[in-house]
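In this text the structure is predicted, and so the values were computed from the model without any measurement. When a residue number appears, it is its place in the shown sequence, counting from 1.
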Amino acid sequence: MNCPFCGAQIPDGAAFCPNCGAPSTPQQAEQQQTVLNGQPQAAPDPQYQQQPYGAPGPQYQQQPYGAAGQPQPAANQQWQQKKQSFAAAGQQSFVDSVKGDPIKICTLVGFFFTFLGSFLPAWVSAGGIGVGLFAGDGGILKLYGILFLFGSIFGILLEFSSHAQGLKALSDAVKKLPYSQFYIPGLFFIVYLLARFNGNFRLVVSFGASWGFAKWICLIGVLLLFVRPVMKLVKKEEYWA
């Protein structure tokens, strides 16, 4: 006969397999196990059968994240809601808003020019050397440059506030003020006049220097900032619509 464990041929009458040494019959194997342990061993419960190393149990099988019937974490739901709100707020792109109101280009170009005029070293020039608002001995001119610089940035952000949720609260507070569309252009016009008639610039010009292109860029930018507010006021249209 054959060994019930390894399948090797067992000679007739042999009690053990010559190949693996196991008892020749299952009855003898059970008797040997009883002798060794002192009592019969119960068969293992199928639900406690050892799983392969690293394999999760059936009750711990990982479900696909966000699968149907599985509750999603609260943080994920909040993120989905925020994405939907951002998408709804950005449905009208900047290009579409400019197409609907082409005069807005004047405002954007105006802020760009005043931004350049804040730091370009060419308000006055002599012998190929330009001097700007941030000149080393400029004094109060540096303050004018800072006002042009940060005022231009704030103005652009205010124009883009409808496309940026983080600025909505601040922009709404500013837009509720009466004639708020004239605040930055009016401030820039005053700052430009102060810089234009500054004693340092006039002294340099009186010694033969000439006004540089940065001064003209800044002036053009200030004038462009008045175009759209004045047109909206004349037409009696809402500026921040």
Side-chain angles (χ1 to χ4, degrees), residues 75 77-120 122-123 132-134 140-198 211-241:
Q77 294 178 355
Q78 294 177 359
W79 170 242
Q80 294 296 333
Q81 293 175 357
K82 289 183 179 180
K83 285 178 62 178
Q84 293 175 0
S85 63
F86 288 151
Q91 286 179 354
Q92 184 184 16
S93 64
F94 169 71
V95 176
D96 294 335
S97 64
V98 172
K99 288 181 179 179
D101 188 7
I103 305 300
K104 185 178 288 188
I105 296 178
C106 293
T107 302
L108 299 178
V109 175
F111 279 125
F112 179 68
F113 280 6
T114 54
F115 178 79
L116 291 178
S118 66
F119 63 86
L120 287 179
W123 273 68
L133 298 178
F134 287 99
I140 193 65
L141 291 175
K142 294 181 180 180
L143 175 61
Y144 301 155
I146 292 174
L147 291 176
F148 276 127
L149 180 64
F150 289 100
S152 301
I153 296 174
F154 179 76
I156 292 176
L157 294 178
L158 195 62
E159 293 290 335
F160 280 104
S161 61
S162 58
H163 307 285
Q165 293 295 317
L167 300 173
K168 185 171 178 56
L170 177 60
S171 64
D172 288 345
V174 174
K175 292 174 182 178
K176 290 179 181 179
L177 300 174
Y179 300 103
S180 57
Q181 67 271 28
F182 288 100
Y183 291 175
I184 296 180
L187 173 64
F188 280 4
F189 182 70
I190 295 174
V191 174
Y192 172 80
L193 292 178
L194 293 174
R196 167 63 178 77
F197 294 102
N198 178 265
W211 291 105
F213 67 92
K215 176 252 188 184
W216 298 109
I217 286 179
C218 189
L219 176 61
I220 294 173
V222 172
L223 295 178
L224 286 175
L225 293 178
F226 280 98
V227 174
R228 187 166 176 259
V230 171
M231 291 186 64
K232 292 290 185 179
L233 183 63
V234 171
K235 294 181 179 180
K236 296 181 179 180
E237 297 177 354
E238 180 65 31
Y239 182 84
W240 300 112

Does the side chain of Thr107 come within less than 4.5 Å of Leu224's, by heavy atoms? no

More than 12 non-hydrogen atoms from neighbouring residues, nucleotides or ligands closer than 6.0 Å to CZ on Phe112, yes or no? no

How would you list all residue pairs meeting side-chain hydrogen bond (donor to acceptor under 3.5 Å, both in side chains) that involve residues 179-190, not counting sequence neighbours? Ser180-Trp240

Which heavy atom of Leu133 sits nearest a heavy atom of Gly117, and at what distance? CD1-O, 3.8 Å

Rounded distance [0.5 Å steps], OH in Tyr239 versus CE in Met231: 11.5 Å

Would you indicate whether the side-chain heavy atoms of Trp123 and Asn198 approach each other to under 4.5 Å? no

Taking the six-membered ring for Trp, are Phe189 and Phe226 parallel (under 30°), tilted (30 to 60°) or perpendicular (over 60°)? perpendicular

Please name the residue in the list Val109, Asp101, Leu108 that meets the side chain to side chain contact (heavy atoms under 4.5 Å, CB included) test with Ile105. Val109

Would you indicate whether the side-chain heavy atoms of Leu149 and Phe115 approach each other to under 4.5 Å? yes

Validation row: Phe111, Phe188 side chains within 4.5 angstrom (heavy atoms): yes

Gly145 and Phe134: which non-hydrogen atoms are nearest, and at how many Å? C-CZ, 3.6 Å

For Leu147, which of Thr114, Val191, Ile184 qualifies under side chain to side chain contact (heavy atoms under 4.5 Å, CB included)? Val191

What's the shortest heavy-atom distance between Glu238 and Lys232, and which atoms? O-CD, 4.2 Å

From OG (Ser171) to NZ (Lys176), nearest 0.5 Å: 10.0 Å

In Å, rounded to the nearest 0.5 Å, how long is the span from NZ of Lys215 to CZ of Arg196? 4.5 Å

So Phe148 and Phe119, do their side chains get closer than 4.5 Å, heavy atoms only? no

Before giving the answer on side chain to side chain contact (heavy atoms under 4.5 Å, CB included), spell out for Ile153 and Leu157 the whole-Å C-alpha distance, their side-chain angles and the decisive distance to 0.1 Å. CA-CA 6 Å; Ile153 296 174; Leu157 294 178; 4.1 Å; yes

Is there side-chain contact between Leu219 and Phe113, with at least one heavy-atom pair below 4.5 Å? no

